Number of protein chains: 2
Amino acid sequence: MFLPANPCNLNCPSRDVLDLIASKWVILILCCLQQGPVRTGELMRQVGGISQKMLTQTLRDLERDGFVERISHPEVPPRVEYQLTDLGRSLSELARSVEQWVVGNYPVILEKRRKTAAAPGRSSARHLD
Amino acid sequence: MFLPANPCNLNCPSRDVLDLIASKWVILILCCLQQGPVRTGELMRQVGGISQKMLTQTLRDLERDGFVERISHPEVPPRVEYQLTDLGRSLSELARSVEQWVVGNYPVILEKRRKTAAAPGRSSARHLD
DNA sequence: CTGAATCCAAGAAGATACTG
DNA sequence: CAGTATCTTCTTGGATTCAG
C-alpha cells in the first residue's frame with residue numbers, strides 16, 4: 001500500500017489531496033493564517049473577493065484534512081478563530097512560496113500577456129521552416 | 001507602479017496570475033514538462049484524467065503567459081511538442097515541490113479524513129469549556 | 001496526429017435571507 | 001459574529017464532430 005504515490009494517476013488517493021490544495025482560496029487562507037489565529041470576519045476582510053460561503057466551505061475542508069483547527073470561544077457574541085496545525089503550517093510555507101513567486105513574477109507575465117494579445121494569430125508563427 | 005502587489009487584493013493583477021497557477025492541471029503539466037519537450041499525446045497519457053479540451057486549453061493559457069513554448073514540426077503526420085520557457089522552468093520547481101509535498105503527506109491526510117468522517121459532528125466537540 | 005469548435009451536463013461559486 | 005440554507009448564475013469539464 002501507499003507505494004508508488006503519483007498525483008498524475010487519476011486513481012491515486014494523492015490526487016484528491018492535490019485537488020484540494022490547488023485552489024486559490026486555500027492558498028490565500030493558509031497565507032493569512034501564518035501570522036497566528038485569525039477570526040472569521042478578519043479572514044473575510046483579508047481574502048479579497050471570497051464569499052462567506054466559500055470561506056466557510058474551504059475552512060471545513062481544511063479542518064477535515066487536518067490543516068487548520070477551529071477554536072470556538074463560548075462567548076456572546078460568538079467568537080471563532082482558526083489556526084494552523086503543524087501539517088497546515090508545513091503546507092503554508094509552500095503557499096507562501098507560491099504567493100511570493102507570483103508577486104515576484106507577475107509583471108513579466110502581464111507584459112507577455114499583453115504582447116500575445118496584440119500579436120497576430122499563432123498559426124503564422126513559430127514554425128520550424 | 002507595481003508597488004504593493006498582493007494576491008489577496010481582488011483587484012491586484014497578481015490575483016489573475018494566481019488564478020491560473022492554482023490549478024491541478026497546470027501543476028501536473030508543468031511537472032511533466034520538466035523532463036524536456038513532450039508531445040501532446042504523451043501529455044494526455046501522463047496526466048491522468050485530463051480531457052483533450054482541458055489539455056489544449058491549459059496549454060494555450062500557459063503559452064499565452066510565457067510558461068511554455070509550442071513547437072510545431074512541419075511534418076506529416078503533424079507533430080507538436082511543448083517545452084518550458086525559463087519562466088516556466090522557474091514555476092515548475094514550485095509545482096514539483098507541491099507534488100512532492102502531496103506525495104509525502106497524503107497518507108496522514110487520508111487517515112485524518114477517515115477519522116473525521118467516523119467521528120461525531122463537530123458541534124459537540126472542541127469547545128473551550 | 002493535432003487540435004479547433006460545438007453542444008451539454010455537472011458542479012463551483014455568488015447573492016441573499018435567515019438562525020443561534 | 002458566525003454559520004446555514006436556498007436559489008441562481010456561470011464556469012468547468014466531458015463527449016463528439018470536423019478540419020489541417
Side-chain angles (χ1 to χ4, degrees), chain A residues 10 15-16 18-29 32-33 37-64 68-83 121-129, chain B residues 10-11 15-16 18-29 33 37-64 68-83 121-129:
Chain A
L10 179 56
R15 169 67 75 89
D16 288 338
L18 179 63
D19 259 322
L20 171 66
I21 290 176
S23 143
K24 175 179 51 181
W25 301 132
V26 166
I27 293 174
L28 293 176
I29 288 174
C32 285
L33 291 180
V38 181
R39 294 187 62 173
T40 311
E42 181 63 21
L43 275 176
M44 275 284 284
R45 254 167 281 128
Q46 294 214 11
V47 181
I50 196 171
S51 65
Q52 214 224 13
K53 176 187 173 183
M54 281 313 298
L55 178 60
T56 303
Q57 187 173 307
T58 306
L59 286 171
R60 289 294 161 276
D61 289 340
L62 292 176
E63 191 187 3
R64 167 176 55 86
V68 306
E69 272 176 351
R70 182 181 187 271
I71 305 171
S72 171
H73 298 84
E75 304 170 3
V76 45
R79 189 162 66 96
V80 175
E81 286 180 318
Y82 291 91
Q83 69 179 3
R122 195 194 59 253
S123 54
S124 64
R126 193 141 51 270
H127 273 277
L128 303 183
D129 39 20
Chain B
L10 180 56
N11 298 319
R15 169 67 75 87
D16 287 338
L18 179 64
D19 257 324
L20 170 67
I21 290 175
S23 144
K24 176 179 53 180
W25 300 133
V26 166
I27 293 174
L28 293 176
I29 288 174
L33 291 181
V38 181
R39 296 187 61 175
T40 309
E42 180 62 20
L43 276 175
M44 275 285 284
R45 254 167 281 128
Q46 294 214 12
V47 181
I50 197 171
S51 66
Q52 209 229 11
K53 177 184 172 182
M54 281 313 298
L55 178 59
T56 302
Q57 188 172 305
T58 305
L59 286 171
R60 288 295 158 275
D61 288 341
L62 292 176
E63 190 187 3
R64 166 176 55 85
V68 306
E69 273 175 349
R70 182 180 189 271
I71 305 172
S72 171
H73 298 84
E75 304 171 2
V76 46
R79 188 163 66 95
V80 175
E81 285 181 319
Y82 292 91
Q83 69 179 3
R122 194 194 61 252
S123 52
S124 64
R126 193 145 47 271
H127 273 278
L128 303 183
D129 37 23

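A quick note: this is a predicted structure, and the numbers were derived from the prediction, not measured. Naming convention: chains lettered A, B, ... in sequence-line order (proteins, then strands); numbering from 1 in each chain.
The distance from atom CG of A:Leu55 to atom P of C:dA13 is 13 Å, rounded to the nearest whole Å. Spacing between atom CD of B:Glu42 and atom C1' of C:dG3 amounts to 18 Å, rounded to whole angstrom units. Atom CD1 of B:Ile50 is separated from atom P of D:dG14 by 8 Å (rounded to the nearest Å). In this structure, the CG atom of B:Leu10 is 14 Å from the P atom of C:dA13, given to the nearest Å. Between the CE atom of A:Met54 and the P atom of C:dA15 there is a distance of 13 Å, rounded to whole Å. Distance CE (B:Met44) to P (D:dA15): 10 Å, rounded to an integer number of Å. Going from atom CZ of B:Arg60 over to atom P of C:dT2 covers 12 Å, rounded to whole Å. Nucleotide D:dG20 holds its P atom 20 Å from the CD atom of B:Glu75, rounded to whole Å.
Between A:Arg39 and D:dA2, a side-chain N or O to OP1/OP2 separation shorter than 4.0 Å is present. For D:dT12, the OP1/OP2 oxygens have no side-chain nitrogen or oxygen of B:Trp25 closer than 4.0 Å. Residue A:Arg70 places at least one side-chain N or O under 4.0 Å from the OP1 or OP2 atom of D:dG3. Considering only side-chain N and O atoms, A:Tyr82 lies under 4.0 angstrom from the phosphate OP1 or OP2 of D:dG3. Contact between the side-chain N/O atoms of A:Thr56 and the OP1/OP2 oxygens of D:dA2 is not found at any separation under 4.0 Å. Using a 4.0 Å cut-off, no side-chain N or O of A:Ser72 falls inside it from OP1 or OP2 of D:dA2.
Listed nucleotides: C:dG3, D:dG13, D:dC1. Nearest to the side chain of B:Lys53: D:dG13.
Between A:Lys24 and B:Val80, it is B:Val80 whose nearest contact on DNA chain C lies nearer the 5' terminus. Remark on DNA chain D: of its neighbouring residues B:Gly49 and A:Gly41, the 5'-side contact belongs to A:Gly41, judged by nearest-heavy-atom nucleotide.
B:Arg15 places a side-chain N or O within 3.5 Å of a backbone atom of A:Gly48 that can act as its donor or acceptor partner.
To the nearest 0.5 Å, the span separating CG on A:Asp61 from CE on A:Met54 amounts to 8.0 Å.
A salt bridge links A:Arg60 and A:Glu63; the closest N-O separation between the charged side-chain nitrogens and carboxylate oxygens is under 4.0 Å. Salt bridge A:Arg45/A:Glu42: present, at least one basic N to carboxylate O contact under 4.0 Å.
Between B:Leu33 and the choices B:Leu28, B:Val38, B:Leu62, the side-chain contact (heavy atoms from CB on, under 4.5 Å) rule is met once, by B:Val38.
A:Gln57 comes within 4.0 angstrom of nothing in the nucleic acid, heavy atoms only.
Evaluation of atom-type donor-acceptor distances gives a pair under 3.5 Å for the side chain of A:Gln52 against the base of D:dG3.
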